[in-house]
Every structure is written in C-alpha cells, then in structure tokens.
Amino acid sequence: MERLGRSLQVSHLSSSPLRTAFLSDKVSTVRAWASAAAINYVPVRRNGRIVGVLENVIGDLLGTDAGPRRASEEDLVHTAMRSLSSDMLIEGGQPLGGLVDELLKAPHYRLVVDGGQLESIVTPSDLCKLPMRVLVFSQVARLEATITDAIRRMYVTEEDAVSALGQGAQAQILGQLKEMHSKSLDPSLIELASLRQKAAILASRGVFAGDEHEVDADFKDLYERLRNPLMHAASFVDDSLDALIRLSRQLEFIQRRTAEASAGGR
C-alpha cells in the first residue's frame with residue numbers, strides 16, 4: 001500500500017484543460033458558464049499566463065476563510081480574484097496520500113505545477129476520482145485484513161470468534177456459509193463477516209480504544225459514508241469544507257484502528 005501511495009500522484013487526479021476567465025470579464029459572465037459546468041474555481045489569465053483565481057464562483061461552499069471576494073455581479077474579474085501566490089500551488093509529482101491534508105489549508109484548492117506549467121487544478125471534488133478511490137479503498141482493505149489477522153491470532157477457532165457476535169449476526173454469517181457451500185465454495189467464517197462485524201469481534205476483546213457502542217458507531221459511519229460509496233462509485237466528498245474535514249477524520253480513523261488491530265493479541 002505504501003508503494004501504491006507513492007506511485008499515485010496529484011497530477012493523476014487534477015482537472016485539465018483549464019477553462020479560464022480574463023481580467024476584463026465581468027463576474028456575472030463567468031458565473032453564467034461556470035455554474036452550468038459546476039466549476040467552483042476559475043483560473044484567470046493575462047497574456048496567456050495564470051495570474052489568479054476567481055474563487056467559489058458557484059457559491060461560498062468552503063467558508064469565508066477561503067473567499068470568495070464577495071464580488072457583485074457587475075464587478076470585473078481583476079478586482080474579485082485572488083492573485084497568484086505560492087500557497088495556491090502544488091507539484092504534480094507530489095504523492096496523492098498527502099493531498100487531503102494539503103487541501104484542508106486555505107485556499108482549499110491548488111493549481112498544479114507540472115513541467116513548470118500551470119495547466120490543471122485540483123479541488124476537493126476531484127478526490128472522488130478513480131486514483132483517490134483506489135488509494136482510499138486500499139487503506140480500508142488493509143484495515144479489514146489487519147482486523148482479520150488479529151481475530152485469527154486471538155481466537156482458537158473462527159467459530160469462537162463469530163460467537164462473540166449477537167445471534168442475528170451469527171445466523172446471517174452461517175446462512176451465507178451454507179449458501180456458499182451449496183455452490184461448492186468454501187470460504188472461512190471470518191471472510192464472510194462484514195468489516196463492521198469483524199470490528200465488533202475485536203471490540204468485544206477490548207482491542208480498540210473506546211467502548212463497544214462507540215466503536216460500532218464509528219465503523220458504521222465508516223461503512224456507510226466511505227466504504228459503500230467507494231464500492232458503488234458514489235460521491236464521498238464534495239466542494240465543501242465539512243466534507244473535506246470528515247474525509248480527513250475518516251482517514252485518520254482508518255490509520256488509528258489499523259494500528260490498534262495490528263497490536264491486538266501480540
């Protein structure tokens with residue numbers, strides 16, 4: 001997974017070619033075409049070069065700390081834009097793993113430097129693209145694999161482990177096993193348990209910090225808000241600061257619980 005994180009880069013995620021505005025454009029003109037295309041940040045050109053960004057064109061989704069300049073419809077772009085500065089830039093070759101933390105810092109987008117040129121941009125909504133999906137899903141998969149290994153270290157048999165769950169969950173897993181056997185397949189019981197069920201087994205042994213109900217609620221949120229959208233190509237983050245913060249916390253949660261599971265039973 002570490003090699004995957006290094007091989008996936010910001011440039012694999014950024015949006016190009018850039019659709020840009022010009023200094024003499026009216027803000028109302030830019031908003032008219034940007035809204036239809038759901039573009040929230042519009043780079044501004046002068047003599048062919050990027051000189052700034054008209055921020056949050058379709059709404060102040062990232063909060064007042066990031067802009068926009070509260071420009072009126074009749075203002076010109078050059079009075080409303082954020083002038084180009086180093087905190088707006090990111091190298092295209094930077095590993096993708098640190099991008100979420102980078103975007104948490106205002107301004108919450110980055111123009112991407114690639115070969116000395118600025119011809120693409122990355123925003124929070126770009127995090128839903130396939131390269132980030134692959135990276136995040138690999139972290140979730142590593143968490144599940146680590147939990148599975150911990151369960152096998154801590155229990156003599158997988159039947160003992162599953163018995164730590166409620167009767168309903170046990171019946172569900174045994175029913176799945178019976179169905180698999182009818183198809184001449186022979187998975188293990190733990191393989192059939194969901195991530196949330198596996199986490200509950202370890203939580204019952206005190207592997208995770210927090211009480212069992214808290215741990216279950218956290219894994220339920222992870223399952224519903226991140227893992228399921230990843231699996232079904234649904235959106236798990238958008239151009240909002242709240243969504244970006246939530247994703248950052250989920251990624252930190254994955255890393256912390258992976259470390260706890262890795263230490264379990266050792």
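Positions are given from 1, in the same order as the sequence printed here. From a predicted model like this one, the values you see are computed outputs, not experimental measurements.
- Note on ring orientation: taking the six-membered ring where Trp is involved, the planes of Phe219 and Phe253 are perpendicular (angle over 60°, cut-offs 30° and 60°).
- Between Leu174 and Leu192, the closest side-chain pair of non-hydrogen atoms is not below 4.5 Å.
- The two residues Gln170 and Val162 come nearest to each other via the heavy atoms CG-O, 3.3 Å.
- Between Glu252 and Arg249, none of the side-chain N atoms (NZ, or NE/NH1/NH2) sits under 4.0 Å from a carboxylate O, so this pair counts as no salt bridge.
- Side-chain atoms of Ser182 come within 3.5 Å of backbone atoms of Glu179 as a donor-acceptor pair (strictly under, hydrogens ignored).
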Exercise. Should Met231 and Phe137 be marked as a side chain to side chain contact (heavy atoms under 4.5 Å, CB included) after you check the CA-CA gap, both sets of side-chain angles, and the distance that decides it?
Worked result: CA-CA 8 Å; Met231 290 290 290; Phe137 185 77; 3.3 Å; yes

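- Counting heavy atoms from C-beta outward, Val237 and Cys128 have side chains that approach closer than 4.5 Å.
- The shortest distance between side-chain heavy atoms of Ser85 and Met88 falls below 4.5 Å.
- Note that CG of Asp75 is 10.0 Å distant from NZ of Lys26, once rounded to the nearest 0.5 Å.
- A donor-acceptor distance shorter than 3.5 angstrom exists from the side chain of Lys129 to the backbone of Leu13, with no hydrogens or angles considered.
- At least one side-chain heavy atom of Ser248 sits under 4.5 Å from a side-chain heavy atom of Asp101.
- The line from NE2 of His12 to CG of Leu130 is 11.5 Å long, rounded to the nearest 0.5 Å.
- Residue-environment remark: CZ (Arg49) stays at or below the threshold of 12 foreign heavy atoms within 6.0 Å.
- Atom OG of Ser11 sits about 9.0 Å away from atom CG of Leu96, to the nearest 0.5 Å.
- No side-chain heavy atom of Ile147 sits less than 4.5 Å from a side-chain heavy atom of Val207.
- Pro187 is not listed as a side-chain neighbour of Gln176, based on a closest heavy-atom distance of 4.5 Å or more.
- Distance check, rounded to the nearest 0.5 Å: NE2 of His213 to CG of Asp218 gives 13.0 Å.
- Rounding to the nearest 0.5 Å gives a distance of 8.5 Å between CG of Leu23 and CG of Asn47.
- Annotation: side chain of Leu84 is in contact with side chain of Leu111 (closest heavy-atom distance under 4.5 Å).
- In terms of modelled atom types and a separation under 3.5 Å, the side chain of Ser262 and the main chain of Thr258 share no donor-acceptor contact.
- In terms of the side chain to side chain contact (heavy atoms under 4.5 Å, CB included) criterion, residue partners of Ala200 (sequence neighbours excluded) are, by chain and number, Leu165.
- The backbone N or O of Gly52 lies less than 3.5 Å from no partner atom in the side chain of Arg46, so there is not a single donor-acceptor pair.
- With values rounded to the nearest 0.5 angstrom, Leu54 atom CG is found 11.5 Å from Thr20 atom OG1.
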Problem set entry | Ser194 vs Gln172, side chain to side chain contact (heavy atoms under 4.5 Å, CB included): CA-CA, chis, key distance, verdict | CA-CA 10 Å; Ser194 69; Gln172 176 193 8; over 6 Å; no

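- Closest of all the heavy-atom pairs between Arg110 and Leu89 is CD-O, 3.7 Å.
- Phe22 and Leu18 fall into different hydrophobic clusters, where Ile, Leu, Val, Met, Phe, Trp and Tyr are joined by side-chain heavy atoms under 4.5 Å apart, directly or via other members.
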Problem set entry | Test log, rule side chain to side chain contact (heavy atoms under 4.5 Å, CB included), inputs Leu226 and Ile254 | CA-CA 11 Å; Leu226 189 59; Ile254 291 169; 4.0 Å; yes

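- By the 4.5 Å heavy-atom criterion applied to side chains, Asp87 and Lys105 are not counted as neighbours.
- Residues Gly92 and Val112 come closest through the heavy atom pair CA-CG1, 3.5 Å.
- Residue Arg257 comes nearest to Glu260 through the heavy atom pair NH1-OE1, 2.8 Å, listed as atom of the first residue, atom of the second, then distance.
- No side-chain donor from either of Glu102 and Gln94 sits under 3.5 Å from a side-chain acceptor of the other.
- Between Met132 and Phe236, the closest heavy-atom pair is CG-CZ, 4.4 Å.
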Problem set entry | Worked verdict on Arg45 versus Val51 for side chain to side chain contact (heavy atoms under 4.5 Å, CB included) | CA-CA 6 Å; Arg45 290 189 190 275; Val51 293; over 6 Å; no

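- Cluster membership for Val156 and Ile151, using ILVMFWY side-chain heavy atoms within less than 4.5 angstrom, is not shared.
- In terms of heavy-atom proximity, Tyr155 sits nearest to Ala164 at OH-CB, 4.0 Å.
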